[in-house]
Structures are given as structure tokens and as C-alpha cells.
Amino acid sequence: MTSPAAVRSDAPVITGLGVVAPTGIGTQEHWAAVLGGKSGIGRISRFDADRYPVRYAGEVPGFVTTDRVPSRLISQTDRGTHLALAATVEALADAGVDPKQLPEYEMAVVTASSSGGTEFGQHEMESLYQNGSAWVGAYQSIAWFYAATTGQVSIRHGLRGPCGVICCEQAGGLDAVGQSRRLIRRDSRLVVTGGTDASLCPYGLTAQLSNGELSTRTDQDRAYLPFSPDASGYLPGEGGAILIMESAAAAAARGAGPGYARVLGYAAGFDPVPESGRPPALRRTLETALADAGVAPDEVDVVFADASGVPEQDAAEAAAIRQVFGVGGVPVTAPKTLTGRLYGGGGALDVATAALALREGIIPHTTGPEAAAPEYGLDLVLGGPRPAPLRTALVLARGYGGFNAALVLGSTAD
Amino acid sequence: MSRPTGPRRAVITGIGTVVPGGVGRKALWDLLSSGRTATRRITLFDPTPFRSQVAAEVDFDAAAMGLTPQQIRRMDRAAQFVVVSAREAVADSGIELSAFEPERIAVSIGSAVGCTMGLEQEYVTLSNGGRDWLVDHSYGVQHLYGYMVPSTLAVEVARDSGAEGPVALISTGCTSGLDSIGHALQLIEEGSADVVVAGATDAPLSPITAACFDAIKATTPDNDRPAEASRPFDRDRSGFVLAEGSAVMVLEEKSAAERRGARIYAEIVGFAGRSNAFHMTGLKAEGREMAEAIRVALDQAGLDPTAVGYINAHGSGTKQNDRHETAAFKRSLGDHAYAVPVSSIKSMVGHSLGAIGSIEVAACALALENQVVPPTANLHTPDSECDLDYVPLTARDHRMDVVLSVGSGFGGFQSAMLLARPGAVPYERS
């Protein structure tokens with residue numbers, strides 16, 4: 001049996017963060033917005049959303065594509081990939097990594113995608129049906145598909161190790177980190193992981209509307225209120241985060257410094273069909289991740305919740321947390337109310353935020369809800385950031401259709 | 001977590017397929033061993049405006065395959081394929097899934113383009129035939145979101161199988177079908193699952209897909225001879241033939257499969273992926289990264305290159321691909337590349353994007369079982385750049401213990417998998 005201390009010191013390390021999210025571009029801007037409770041939710045500006053029942057979303061503010069993405073790649077890729085390409089540059093710089101200095105086959109790329117290049121695809125389908133097949137551009141074949149981001153990141157930075165793309169809707173970001181850990185255990189030393197999505201175009205929004213989970217409340221500050229008695233669904237957003245993850249040995253060998261956080265444990269599970277009468281998979285998934293990390297529930301200092309805002313899903317998540325940690329047994333937070341749900345980018349951004357929280361010793365608060373519904377029995381962190389010595393954080397995510405994922409992060413301070 | 005001692009290994013115990021030429025693994029093997037082709041002029045939509053008008057289509061009656069009217073309404077064609085394939089695979093394996101804890105059953109499905117057909121059809125309605133950028137959401141079907149997220153394909157299989165373990169949709173373009181099985185292998189080896197329903201599906205035969213491959217001239221313009229349009233390794237090859245299909249396999253932890261007396265098609269003994277970091281669609285002629293993937297897979301299996309008894313090639317039939325992988329085989333296997341039979345079943349069933357990798361693994365398992373190498377159909381004129389033994393036209397009886405299947409795809413992804421006949425190879429794996 002490996003000792004818990006050895007589990008920690010051998011665990012892969014997150015050494016770089018690249019945030020491109022409604023809370024800002026770059027880690028500093030994001031973290032300041034999170035601590036300040038500065039929402040990135042606003043009226044949709046990327047198209048005229050007046051006719052749709054949802055008019056608010058989290059858009060990345062001030063993202064000037066021509067400043068951040070080479071012009072050749074702008075025309076070849078969808079906005080979701082633009083955001084990822086920019087985030088990757090940030091993350092590599094943050095980690096101090098120059099891929100040219102590392103063995104080419106030991107650097108991998110695993111990203112999460114929930115819906116691919118939706119806006120690009122809508123444009124090309126419009127060309128096809130308005131003008132004919134000859135008007136569909138050469139880049140449709142590489143921009144719309146779900147592997148576009150991973151491929152472009154691999155090519156741009158010369159990363160020739162294994163490539164992966166995981167599509168588990170909002171759970172995919174955590175699954176990508178879990179898959180990156182597998183690669184590191186095998187023969188990769190560094191993985192560019194995380195994810196972004198950007199489906200804020202008319203067809204993308206319309207498709208999202210069809211699942212009935214978006215909040216149609218017209219007061220943007222009252223629309224996404226997870227765990228509140230007044231919860232009415234969620235708002236969508238765009239962006240996410242790219243993370244640099246390295247084996248502990250590789251990070252030490254290149255003098256990477258302590259990094260942000262260690263990846264201690266991970267698990268995934270799937271919900272039974274409703275008619276089975278079996279319990280949802282979240283509690284078991286959470287417990288499996290803790291066991292994988294060698295961490296007891298009372299050692300967890302904060303939970304970053306999935307916090308969908310759909311009342312039945314909030315109730316199910318609260319029950320899982322309560323059953324494992326007890327009533328009010330652990331601080332729970334959901335800074336994603338500042339961004340909306342980011343799908344393939346959501347889990348990655350939560351991991352980035354949790355990593356920052358561990359490093360800074362501050363639990364960011366949840367803006368929006370005035371209080372959690374009392375029957376949930378949650379210590380939802382509200383009102384302002386809560387300073388606390390943080391050693392271990394748990395991040396939860398669920399994806400549409402039944403996906404569950406849980407990730408355990410540890411501080412690098414010990 | 002308590003784990004059995006010794007390394008956990010994964011074996012294939014069940015196969016289900018929905019492939020052009022016929023539904024089911026028997027139809028697949030009949031086609032592959034006959035050397036017939038299932039490519040034809042496209043019937044699923046009017047191909048007249050397109051440069052490439054041929055495809056390998058599945059004649060598929062969802063109701064006859066046991067799907068309910070509600071499932072048929074809800075599921076994109078790719079989802080229908082994969083659910084039907086999964087059911088056949090589970091039945092073929094003889095496994096009683098209800099005897100397992102549901103959390104020990106996982107699902108890993110690959111797809112390159114997800115629910116493209118459903119997305120395109122709904123787009124046409126909501127945009128009023130492409131006229132309106134601000135599409136009318138009030139005409140949206142309830143399951144439209146299920147089309148937008150390709151994860152739906154894995155969801156449908158998981159629900160149908162009662163899986164509650166790790167479930168994932170793997171979407172690495174044209175290597176998706178190898179990578180999804182590679183993912184399943186990892187889940188079994190690391191102990192996250194004891195059974196994985198693993199495979200891939202794609203149903204891309206719709207105008208937007210045809211148009212996008214037309215635009216880069218990747219698909220063949222040889223519309224006059226549809227049955228002979230897919231010509232991997234032939235000097236006169238002219239691009240790939242788009243296809244649809246699905247294959248699913250039941251992977252089990254080896255010792256448990258042996259305990260229950262399961263029929264084992266093959267053990268998966270090695271898997272690796274590498275990327276060329278060169279171009280989204282272009283390939284360098286040297287095949288360096290694919291060779292590296294093959295080398296790493298052999299290393300995992302603890303096998304010498306000479307152990308490889310058959311190579312199921314990517315063999316898409318594009319000029320650059322066939323040259324690229326021929327070089328990769330020589331680079332990774334040395335002189336043995338000239339001795340080992342190599343073939344491309346895409347000559348018969350076309351290139352079904354993300355699905356084909358799993359279809360090819362199924363073909364490799366059946367080749368091992370039958371000790372027969374499927375041929376490369378339509379290979380009449382050798383190409384000096386492709387100078388290996390590609391098993392032209394006719395299937396070949398061939399004794400083989402280990403087979404290699406490779407995939408190469410957009411994004412620069414290269415994957416390699418090794419399958420071994422049960423009990424045939426005494427080896428130590430890393």
C-alpha cells in the first residue's frame with residue numbers, strides 16, 4: 001500500500017493555466033473577477049437574440065481574434081478553437097514550457113469538446129443551402145468536427161504524443177484531465193488538456209434550448225441560481241480553460257516550480273435509466289474519486305459543484321454531497337454562475353479555479369443565490385470569498401444524458 | 001481498491017456490426033472474405049450536384065432491427081447503428097450483463113462527426129431551407145440537443161446496456177474507432193471496469209459531408225464505376241469512398257472471460273497513438289509518427305516486428321495515405337514489411353470516418369478466428385511507391401497469431417493496435 005504522502009508527491013501536477021472565459025482572458029483577470037464576484041453574463045451580442053427565449057449568456061469579453069490567433073488559423077477554425085488556441089498560448093507561457101526543448105513524443109494533447117464548431121458549421125450549411133455545394137469551403141472538413149482543437153494545438157506547438165478528444169458534454173473537461181493522468185502514467189511527460197466550447201450562434205442556442213434546461217428568466221441576475229429555492233435552470237456561456245499537466249518527475253526535472261495543484265484522484269460514472277429505481281451515480285463517483293486519491297471525506301476542504309441550476313439536478317447533487325460529507329459538512333461553491341455553463345470548457349475552468357483557490361488559500365464564493373434551499377443541507381459559500389487553509393479540493397461535473405465525473409486536487413504546498 | 005494480482009488484460013468476446021454489404025458480423029465476414037465491394041452510387045440523397053457521387057451505404061431497416069418507433073424518432077442514424085451493433089455484440093459474447101454490478105460495465109464509443117445527419121436535416125427545417133441565419137427555434141425538435149452533442153451516441157449505448165461505469169464518446173476524427181477501443185483497453189487494464197461495450201459509429205452520408213470532402217478533393221470523382229471506386233494501393237487510386245457503418249465489441253477482463261468459458265476472439269496486446277504535428281489533412285511521405293505508434297504498440301506487447309502476421313492497413317485510397325503508411329510499415333517493421341500480408345477493407349466497405357477503425361478491429365478479430373486475410377479489392381495495377389504484399393482481389397488462407405491494425409486521420413493522428421489469437425503468443429508485456 002502506497003502511503004498517502006507518496007500518492008501526493010507522485011501525482012501529476014498542473015503547472016500552467018490558460019483561461020479564456022466570460023470572466024476574462026488570462027488567469028489574473030479571471031481570478032480577480034471570481035474574487036470580486038464580477039459576472040461575465042450579459043445580453044448576447046454575437047447575434048440578435050431578441051427572438052429567442054434566452055437572451056443572456058456568458059461571452060468572452062474583449063477577445064480580439066486577430067490579436068490572439070494567426071490569421072491563417074482564424075479562417076480555418078471555429079471560434080471555439082480560436083479560444084482554445086489563445087488559451088494554450090497562455091497556459092504554455094504560464095507553465096514556462098517551450099515544447100521545442102522537450103521530447104516530441106512525450107507531449108500529448110487531450111481536450112474536451114461538447115459540440116464542435118457549431119457556428120462555423122452553421123455558416124457552411126447556409127452556404128450549401130443558399131448557394132450550392134460548390135460554395136462549401138475547404139475548411140469545413142477540419143473546423144466543424146470535434147477533434148479540431150486537439151489537432152490544431154498539436155500542430156501549432158509540435159506535440160507529437162498521443163492525441164485525445166473526449167465528448168461527455170459538461171463532464172468532459174474532468175474526463176480529459178482523467179485521461180491525461182492515464183497518459184502520464186504510461187509514457188507522456190506533459191499533456192495539454194482542458195477544453196473550450198463556443199456555441200453561441202443561432203443554431204447552437206436553438207439546439208441548447210431544446211433540452212429545456214436553460215433558464216428563460218428575463219432578469220439576468222436572477223436567471224442562474226443553482227441550489228436556490230428559486231433555481232430555474234442555467235445560462236450558457238463560451239470559452240473555458242487549457243491546462244498544462246505534467247508528471248511530477250518531469251516537472252521537477254525542468255525546474256517547473258511547485259505548480260498550482262496536484263491531480264490526486266479521478267472517477268467517472270453513468271446514471272441508471274430513471275425507470276430502474278437505482279440511485280444516480282454521482283455519490284458513488286465522488287466516493288470512488290476520493291478512494292482513488294486516498295483522501296477521506298473529512299480531508300476535503302472545498303467542493304466545486306456541478307451546480308446545474310435545474311432543480312431536480314440540484315437536489316440530486318446536494319443529496320450526494322450531504323450523504324458523503326454530512327449536513328453542512330464541507331464548503332460548497334459554484335463560481336460558474338459568473339460564466340454560465342461552458343460545456344466542454346466548464347470542467348476545465350472549474351479545475352483552473354479550484355487550482356487557484358488551493359494555491360491562494362481562498363474559497364471563491366457563489367454569486368446569485370441569496371441562500372441555498374435549506375433542505376439541501378449545504379454550506380454554500382455566499383456573499384464573498386472565504387479565506388481558508390486549503391489542502392484538498394473536490395470538483396464535480398455532470399454531462400447531459402447521465403455523465404458524472406469527479407476530480408480530487410491537492411495543494412502543492414505539502 | 002483491491003485488485004487481482006498480475007496485470008489485467010482485455011479480450012474481445014463479442015462482435016456486432018452494421019456495415020455496408022449487410023447487417024451483422026456474418027454478413028461482414030462473407031463480404032470481406034469474398035472480395036466483393038459494397039460501394040455504389042449514393043441513394044441516401046441526390047448526389048448529382050457533387051463531385052463525388054459514390055459511397056458505401058448500409059441497407060438498414062431500424063424497425064426490423066428491433067428499435068422502437070420512439071427510438072427511431074429520437075436517434076440519429078449513427079445512434080441507431082451503434083445500438084443495434086452493441087446488442088449483437090452482447091448477444092454474441094454470451095455474457096449476462098445483469099450478472100455484473102452496473103458500475104463495473106463501461107462504454108467507449110468513437111465517432112468522427114456525431115449526429116451530422118440529424119443536425120443537417122433539422123438545420124434545413126429551422127433555417128427555412130438555409131434562408132434564415134436567425135433560425136426559428138419554435139420548430140426545433142425535442143431531441144435537437146441530443147444531435148448537437150455527439151456524446152448522445154455513447155448515452156444511447158450505455159442506457160441500452162445498463163452500463164453505469166465510465167462512459168465516453170471519443171472523437172479523434174478518423175482514428176476514433178481505434179482510439180475508442182484503446183480507451184476501453186485502458187479502462188480494463190487499470191481496473192475501472194470489467195466489461196466494456198466498445199466500438200464506433202458514423203453515418204455521414206449527407207450533403208454537408210459530401211460537400212466538405214468535395215471541397216478538398218479527398219473523395220473519389222470516379223462516379224462511372226461505383227463498385228470499383230475504392231482502390232487502395234492501386235496506381236490509379238483517386239481518393240477515398242465515403243461510407244457509413246458501425247462496429248461494437250464486448251471487451252472483458254481476460255481472467256474473468258476465461259472463468260466463464262467465453263469464446264475469445266482475440267486479446268488486445270498493444271495500443272498506441274502518436275501525432276504528426278504537421279498538417280490537419282496532409283501527410284509527409286516518411287510515415288515517421290505512424291511508425292512510432294506501431295513501435296510503441298509492439299513494445300507494449302513485448303513482441304518483435306516479425307511476430308506480426310497480418311496488417312490491416314488504413315488504406316484509404318488517397319495518393320498520400322497509401323504512400324505514407326507503406327513507408328510507416330517499412331520504418332517500423334524493417335524487412336518484415338515485405339513478408340507480411342497487408343490489406344485494406346476500405347476497398348470493399350469504404351471509409352466510414354470514425355467508425356471504420358472499429359470495423360477494422362472487428363475484421364481483424366474475424367481474420368484471426370478464420371485464419372484468413374481479407375483482400376484488397378480493386379487492386380489491379382501496382383504502384384511503384386506501394387511495393388508491399390497487399391493481397392490483391394482474393395482472400396488468402398494464412399496462419400497468423402498477431403495482427404496489426406492502424407489508423408490515420410485528420411488532425412495528424414496516427415493509431416496502432418495489436419491483437420493476438422488467444423493462447424498463441426507466450427509473451428511478457430510491459
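We name chains A, B, ... by the order of the sequence lines, and we start the count at 1 in each one. All figures in this text were calculated on a predicted structure; none of them were measured in a lab.
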| Does A:Asp292 pair with A:Arg181 as a salt bridge, N-O distance under 4.0 Å? | yes
| task | Check each atom of B:Ala112 against the heavy atoms of chain A and say whether the ones under 4.5 Å are side chain, backbone, both or neither. | result | backbone
| Which of A:His157, A:Gln76, A:Arg284, A:Gln179 touches chain B most, by non-hydrogen pairs under 4.5 Å | A:Arg284
| Under 4.5 Å from any heavy atom of chain B - which part of A:Ser199 | side chain
| message | Do A:Val177 and A:Tyr266 have side chains that approach each other closer than 4.5 Å (heavy atoms only, starting at C-beta)? | response | no
Identify all side-chain donor-acceptor contacts of residues 132-148 of chain A below 3.5 Å with residues at least two apart in sequence or on another chain.
{"unit_1": "A:Ser133", "atom_1": "OG", "unit_2": "B:Pro49", "atom_2": "O", "d": "3.3"}
{"unit_1": "A:Trp135", "atom_1": "NE1", "unit_2": "A:Asn131", "atom_2": "O", "d": "3.4"}
{"unit_1": "A:Ser141", "atom_1": "OG", "unit_2": "A:Ala138", "atom_2": "O", "d": "3.4"}

| note | Cut-off 4.5 Å, heavy atoms of chain A, and the answer for B:Leu187 is side chain
| A:Arg156, part contacting chain B, at a heavy-atom distance under 4.5 Å | neither
| Is the side chain of A:Arg186 donor-acceptor paired with the backbone N or O of B:Ala272 at a distance under 3.5 Å, no angle test? | no
| field | Interface moiety of A:Gln152 toward chain B, non-hydrogen atoms closer than 4.5 Å | value | both
| said: Can you tell me which of A:Ser210, A:Gly151, A:Gly212, A:Gly344 forms the most heavy-atom pairs within a distance under 4.5 Å of chain B? | reply: A:Ser210
| Non-hydrogen atoms of chain A under 4.5 Å away: do they reach the side chain of B:His279, the backbone, both or neither? | backbone
| By a 4.5 Å heavy-atom criterion (distance strictly below it), what part of B:Ile170 contacts chain A: side chain, backbone, both, or neither? | both
| Under a 4.0 Å N-O cut-off, is there an ion pair linking B:Glu156 with B:Arg74? | yes
| task | Counting only heavy atoms closer than 4.5 Å, note whether B:Gln186 contacts chain A via side chain, backbone, both or neither. | result | side chain
| message | What I'd like to find out is whether the side chain of A:Tyr52 reaches to under 4.5 Å of the side chain of A:Leu214, using heavy atoms alone. | response | no
| request: Heavy-atom distances under 4.5 Å only: say whether B:Arg274 touches chain A with side chain, backbone, both or neither. | output: both
| said: With a 4.5 angstrom heavy-atom cut-off, is it the side chain or the backbone of B:Leu153 that approaches chain A, or both, or neither? | reply: neither
| request: Please flag which part of A:Arg185 lies under 4.5 Å from any non-hydrogen atom of chain B: side chain, backbone, both or neither. | output: neither
| Top residue by heavy-atom pair count (under 4.5 Å) with chain B, among A:Gly116, A:Ser276, A:Gly204? | A:Gly204
| So, A:Gln208 and A:Tyr234: side-chain donor and acceptor under 3.5 Å apart, yes or no? | no
| request: With a 4.5 angstrom heavy-atom cut-off, could you sort out which part of B:Thr281 is near chain A: side chain, backbone, both or neither? | output: side chain
| note | Turns out that what part of A:Phe47 lies under 4.5 Å from chain B's heavy atoms comes down to side chain
| Quick one: what part of A:His123 sits under 4.5 Å from any heavy atom of chain B, side chain, backbone, both or neither? | both
| request: Output the option from B:Gln142, B:Glu292, B:Gln414 having the highest count of non-hydrogen pairs under 4.5 Å with chain A. | output: B:Glu292
| query | Between B:Tyr147, B:Tyr123, B:Phe413, which has the largest tally of heavy atom pairs under 4.5 Å with chain A? | reply | B:Tyr123
| query | According to the interplanar angle, ranging from 0 to 90°, do the rings of A:Phe403 and A:Phe270 count as parallel (below 30°), tilted (30 to 60°) or perpendicular (above 60°)? | reply | perpendicular
| message | Counting only non-hydrogen atoms closer than 4.5 Å, does A:Arg182 touch chain B with its backbone (N, CA, C, O), its side chain (CB onward), both, or neither? | response | side chain
| field | Residues B:Ser111 and B:Ser176: side-chain donor-acceptor under 3.5 angstrom | value | no
| remark: Applying salt bridge (charged side-chain N to carboxylate O under 4.0 Å, His left out) to B:Asp214 and not counting sequence neighbours gives none
| Taking B:Ser127, B:Gly129, B:Pro207, B:Gly130 one by one, which has the highest count of heavy-atom pairs under 4.5 Å against chain A? | B:Gly130
| request: Select one option (side chain, backbone, both, neither) describing which atoms of B:Val141 are under 4.5 Å from chain A's heavy atoms. | output: backbone
| query | Pick from A:Thr118, A:Asp187, A:Leu205: which one has the most heavy-atom pairs with chain B under 4.5 Å? | reply | A:Asp187
